[in-house]
Amino acid sequence: MNVTIRFSAPLRRFTDGRAYVELKAANVGECLRSLQDLFPSLKQELWNNEGGLNPFLGVFVNGENINSLQSLLTPLGTDDEISIIPAVAGG
């Protein structure tokens, strides 16, 4: 399925400045693995040391957090949109 992946501004330094890309993927996990192949420096932002999804990263499919869906197994359909947003810390 063709999906659009949108990157928030802090992640664009890992995506050659691109705000979005389009990929074919059946689920979120497949999509993220394709992204790390396309942008190898993004890998360190996507995954933690154990190989799981970085807990300080918000991944949304059509505005819904994948944690409230099926996480990395969330299926994707044609024209779905994924947004990847790092957590903002401060005080």
Side-chain angles (χ1 to χ4, degrees):
M1 306 294 156
N2 284 329
V3 296
T4 300
I5 302 94
R6 298 201 177 276
F7 306 103
S8 62
L11 292 177
R12 292 180 194 163
R13 63 186 169 148
F14 304 106
T15 64
D16 301 324
R18 292 185 184 182
Y20 71 93
V21 295
E22 291 185 5
L23 296 173
K24 290 184 180 189
N27 61 47
V28 171
E30 182 180 313
C31 180
L32 296 180
R33 286 187 292 280
S34 292
L35 279 177
Q36 78 180 27
D37 292 342
L38 187 60
F39 304 110
S41 62
L42 188 60
K43 181 178 180 179
Q44 68 187 13
E45 300 299 311
L46 294 175
W47 312 107
N48 63 25
N49 292 336
E50 291 78 38
L53 189 62
N54 181 342
F56 299 107
L57 197 66
V59 180
F60 302 85
V61 175
N62 301 323
E64 257 190 279
N65 192 315
I66 65 167
N67 293 327
S68 65
L69 300 170
Q70 296 175 43
S71 191
L72 295 175
L73 297 177
T74 301
L76 298 172
T78 302
D79 300 325
D80 278 347
E81 185 173 290
I82 296 176
S83 300
I84 303 176
I85 304 169
V88 177

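Remember, it's a predicted structure, so these values are computed and weren't measured experimentally.
Residue pairs meeting the salt bridge (charged side-chain N to carboxylate O under 4.0 Å, His left out) criterion with at least one partner in residues 40-52, sequence neighbours excluded, are absent. Residues in residues 54-74 take part in these side-chain hydrogen bond (donor to acceptor under 3.5 Å, both in side chains) pairs, two or more places apart or across chains: N62-D80, N65-N67. Sequence neighbours left out, the pairs with a member in residues 4-19 that pass salt bridge (charged side-chain N to carboxylate O under 4.0 Å, His left out) are R6-E81.
With values rounded to the nearest 0.5 angstrom, T15 atom OG1 is found 11.0 Å from I5 atom CD1. Going from atom OH of Y20 over to atom CD1 of I84 covers 15.5 Å, rounded to the nearest 0.5 Å. Here the straight-line distance linking atom OG1 of T4 with atom CD of E22 works out to 4.0 Å at 0.5 Å rounding.
Pairing each heavy atom of I66 with each of L53, the nearest pair is CD1-CD2, 3.8 Å. Nearest heavy atoms, V3 versus G77: CG1-O, 3.7 Å. Closest non-hydrogen pair, F39 versus F14, comes out as CB-O, 3.3 Å.
Looking at heavy atoms from C-beta onward, V59 lies out of side-chain contact with S83 at the 4.5 angstrom threshold.
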Taking distance alone, no hydrogens or angles, what donor-acceptor pairs closer than 3.5 Å link side-chain atoms of residues 30-38 to residues at least two apart or in another chain?
{"residue": "E30", "atom": "OE2", "partner": "A26", "partner atom": "N", "Å": "3.3"}
{"residue": "R33", "atom": "NH1", "partner": "G29", "partner atom": "O", "Å": "3.3"}
{"residue": "S34", "atom": "OG", "partner": "E30", "partner atom": "O", "Å": "3.2"}
{"residue": "Q36", "atom": "OE1", "partner": "W47", "partner atom": "NE1", "Å": "2.5"}

* Asked: Does the pair L73 and V28 meet the rule for a side chain to side chain contact (heavy atoms under 4.5 Å, CB included), with working shown?
  -> CA-CA 6 Å; L73 297 177; V28 171; over 6 Å; no
* Might you work through the side chain to side chain contact (heavy atoms under 4.5 Å, CB included) test for L76 and V61, ending with a clear yes or no? => CA-CA 8 Å; L76 298 172; V61 175; 4.0 Å; yes
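Hydrophobic cluster membership of F60, counting Ile, Leu, Val, Met, Phe, Trp and Tyr whose side-chain heavy atoms lie under 4.5 Å apart directly or via other members: I85.
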